[in-house]
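Structure, as structure tokens:
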There are 2 protein chains.
Amino acid sequence: MRFRDHFASLIESGSLAPGTKLPPERALSNEFSINRVTVRQALSRMEAEGLIFREERRGWFVSPPRVYYDPTANTSFTESISSQGRVTGTTILSKQEVAASKWLSTLLGCAVGDPIYIINRLRTVDGRAVLVEQIHVKAKRCPGLLDYPLDQSMTDLMAEKFGIIEHRTQINMRPTALPEIPAKTLGVVVGTPGLYLSRAILDQFNEVIELDQEFWRHDAIDICVSAAASPAQS
Amino acid sequence: MRFRDHFASLIESGSLAPGTKLPPERALSNEFSINRVTVRQALSRMEAEGLIFREERRGWFVSPPRVYYDPTANTSFTESISSQGRVTGTTILSKQEVAASKWLSTLLGCAVGDPIYIINRLRTVDGRAVLVEQIHVKAKRCPGLLDYPLDQSMTDLMAEKFGIIEHRTQINMRPTALPEIPAKTLGVVVGTPGLYLSRAILDQFNEVIELDQEFWRHDAIDICVSAAASPAQS
DNA sequence: GAGTGGTCTAGACCACTTC
DNA sequence: AAGTGGTCTAGACCACTCC
């Protein structure tokens, strides 16, 4: 692992700036006198460590610092990221109205066939795609939602236009490999390590009104959560 | 990816029970008429997806279901896991008193050189090693801690013996590759995807009294957090 | 001691990006 | 059109597990 250690120390010492493109695999193979298969194995290891990332068929790049993100906070994604001096971008990939599947109806607590809005968004930090999200909301609770500008905070939009106040959120997260569609969207090889995050949002009447599913680049995020001990202590 | 899809459907349909050992790589290579390098590539992909896991030099096994874990809850690890019908185990790997390093003193808010207890524990679920944790506590606040039985809830121990009540916890998590020592301890290949979780625990006086660092097998955990919206809404 | 996984070499072809 | 990453073949040796 001489190869890995070489680059790891270069990156950690800051000699290689975030975003820097590494030399082609074949060049690395020559320079270090190791086989290209071995080079790729070492690069994948460094990818898993979050030191470097790749853009499919474009090459390997030094990873930028992770962004801190508190999924339980009431601050919006954009707000939270820009307070860290980073620039976010949001792209609407698609928006549509569908009839609730069995699966969706269970999670949202509605009838099968009820109208549901689905919005797919891509979010970037400093120009790099870091997450894709699929948002499901009950159309009945916010008619015409799709006609509003959707590249901003959904929370704000739903509060201002439809009087829906977030009351509680149930979040699940797990490390996983990125499935085909999110991977393609993020410009990443299918099977790259990632983070899956789902979020069920309940309104002031404790009704599930929104269900989000996010796939993150695993090296983009540092999740931080602050928890106050509840009165009932074990 | 015929190979991957074959096993993925077997596992997802439940035909291959958790814990089942897969055939040797060379046998798979023969059976599917693909090169062993390709077999290993597919297996690594399935490992990243959480479908299978490996024990170093022992082989590949079907992953058991993830355990749900709420790092913000006040329930103990054992309590939370056993309520899911799973059996936990805890092994003390080491316990010692050290002088606080610069790094530790900053995080714990004490002087460099102050006495600190360090406890390393290994935790298992249904017999499988799923996480290693390193616990740092201020020795001054709980003298003689190391002489108590340490294979149970630290929270309970510190409350009962030293009157220390957890008041707030600051948690950070990120997907990463397992470094050498945790990997070895978990019987996992260095560089395997994992989850890093750190926890700073503050007592009733808002003083940091404990600092934990955990490395999880990435396929073992499903993190769930419930968040109530705070009065101050953005 | 046999078998297995971990690591490595030396090629090859294709799909895609870049020019 | 050239170069690059993604995928694949066909071997090899070592360290370790298992019997």
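Small disclaimer: the values here were computed from a predicted structure and weren't measured. Chain letters run A, B, ... following the sequence lines, proteins first and then strands; every chain starts at 1.
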Expected output: side-chain K95(A) to main-chain L145(A) donor-acceptor under 3.5 Å = no
If we ignore angles and hydrogens, is there a donor and acceptor under 3.5 Å between the side chains of S13(B) and S15(B)?
-> yes
Distance-only donor-acceptor test (3.5 Å): side chain R26(A), base dG3(D) = no
Taking atom types as modelled and ignoring hydrogens, do the side chains of W60(A) and E47(A) form a donor-acceptor contact shorter than 3.5 angstrom?
-> no
Are more than 12 heavy atoms from other residues, nucleotides or ligands located less than 6.0 Å from atom CD of E180(A)?
-> no
Ring-face cation of R128(A) near F61(A) (centre distance under 6.0 Å, axis angle within 45°) | no
Which value, rounded to the nearest 0.5 Å, describes the distance between N172(B) atom CG and S198(B) atom OG?
-> 4.5 Å
So does D212(A) pair up with R199(A), basic N to acidic O under 4.0 Å?
-> yes
Tabulate atom names and distances for all N/O pairs under 3.5 angstrom spanning the protein and nucleotides 16-19 of chain C.
from	atom 1	to	atom 2	distance (Å)
dT18(C)	OP1	R58(A)	NH1	2.1

Take the protein atom CD of E55(A) and the nucleotide atom C1' of dT4(D), then report the distance between them rounded to whole Å.
-> 14 Å
Kindly state which residues belonging to residues 28-42 of chain A come within less than 4.0 angstrom of DNA chain C, counting heavy atoms of the residue only, listed by number.
-> S33(A), I34(A), N35(A), R36(A), V37(A), T38(A), Q41(A)
How many Å lie between CG on L43(B) and P on dT4(C), as a whole number?
-> 14 Å
Within 45° of the ring axis of F77(A) and under 6.0 Å from its six-membered ring centre, is that where the NZ or CZ of R121(A) lies?
-> no
Distance in angstrom units between L22(B) CG and dG5(C) P, rounded = 10 Å
In whole angstrom, what separates F3(A)'s CZ from dT7(C)'s P?
-> 15 Å
